[in-house]
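Reviewing the structure listed below.
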Amino acid sequence: MDCSQLVDGLLQNEALVSLFPTDTTGHPAIYQMLSPQAELFPRVAVFETTRAYTAWADDAPIRERSEYRLDLYARENVLREMSAALHAALRALGFRRLSQVQDDYLPNEGIYVKSVSYEYYDNIMEG
């Protein structure tokens, strides 16, 4: 699974999508890396941080581990609700949470922020 597939999977989760506004193109505010609208809140940004093969057979990779960081941004302190919905959506997709940081507030920007990390194992079938 890559970042765009992860975003597509999250966009299929109606409970999660219902928490976010849509941008001018009608796309819910769940993005790979950057939002096209700087002032669209709340939103989620997805970043791939690690990708490595973890199992081999006959000198060919058969399993891959990917790690993702997801950053949640909001103008109001709704991070707990967003984080819970995101966690449920990611678990349904087969992800496992690795870590989450304490909610933060950036006073100069007036933005609440939370970062969470998840991993995903993908069995690779060559044919």
Would a distance-only check, ignoring hydrogens and angles, find a side-chain to backbone donor-acceptor pair under 3.5 Å from Lys114 to Val101? yes
Could I get the full list of ring-ring contact (aromatic ring centres under 6.0 Å, His included) partners for Tyr31, not counting sequence neighbours? His27
Can you tell me how far apart OH (Tyr105) and CG (Leu79) are? Round to the nearest 0.5 Å. 11.5 Å
Under 4.5 Å between side-chain heavy atoms, counting indirect links through other Ile/Leu/Val/Met/Phe/Trp/Tyr residues: same cluster for Tyr73 and Leu40 or not? no
Hydrophobic cluster identity match, Leu90 and Phe47, side-chain contacts under 4.5 Å: no
Would a distance-only check, ignoring hydrogens and angles, find a side-chain to backbone donor-acceptor pair under 3.5 Å from Glu67 to Arg51? no
Working to the nearest 0.5 angstrom, can you tell me the gap between Ile111 CD1 and Phe41 CZ? 3.5 Å
Measuring from atom CD of Gln100 to atom CG of Leu70, what distance do you get when rounded to the nearest 0.5 angstrom? 12.0 Å
Does the ring centre of Phe95 sit less than 6.0 Å away from the ring centre of Tyr120? yes
Quick one: does Gln12's side chain have a donor or acceptor within less than 3.5 Å of a partner on Gly9's backbone? no
Pairs touching residues 76-96 that satisfy salt bridge (Lys or Arg N to Asp or Glu O under 4.0 Å), sequence neighbours left out: Arg96-Glu119
In plain terms, say whether Arg69 and Glu48 are close enough for a salt bridge, that is, a side-chain N and a carboxylate O under 4.0 Å apart. no
Using a 3.5 Å distance criterion without hydrogens, assess whether the side chain of Asp104 forms a donor-acceptor pair with backbone atoms of Val113. no
Hey, what do you get for CD (Gln5) to CG (Asp2), rounding to the nearest 0.5 Å? 4.0 Å
Residue pair Ile62 / Asn123, side-chain heavy-atom distance below 4.5 Å: no
Would you say Leu86 and Val78 are hydrophobically clustered, going by side-chain heavy atoms of ILVMFWY under 4.5 Å? yes
Once you round to the nearest 0.5 Å, how far does CG of Leu72 lie from OG of Ser115? 8.0 Å
For Val17 and Leu10 the tightest heavy-atom approach is CG2-O, 3.8 Å
Within 45° of the axis and under 6.0 Å from the centre of the six-membered ring of Tyr53, does NZ or CZ of Arg65 qualify? no
Closest heavy-atom pair and its distance - Met82, Phe20: CE-CE2, 3.6 Å
His87 side, atom NE2; Leu16 side, atom CG - distance, nearest 0.5 Å: 12.5 Å
Within the side chain of Arg43, is there an N or O that forms a donor-acceptor pair under 3.5 Å with the backbone of Pro21? no
Are any side-chain N or O atoms of Asp23 and backbone N or O atoms of Thr25, one a donor and one an acceptor, separated by less than 3.5 Å? yes
Verify the distance criterion only: is there a donor paired with an acceptor across the side chains of Thr54 and Arg63 at less than 3.5 Å? no
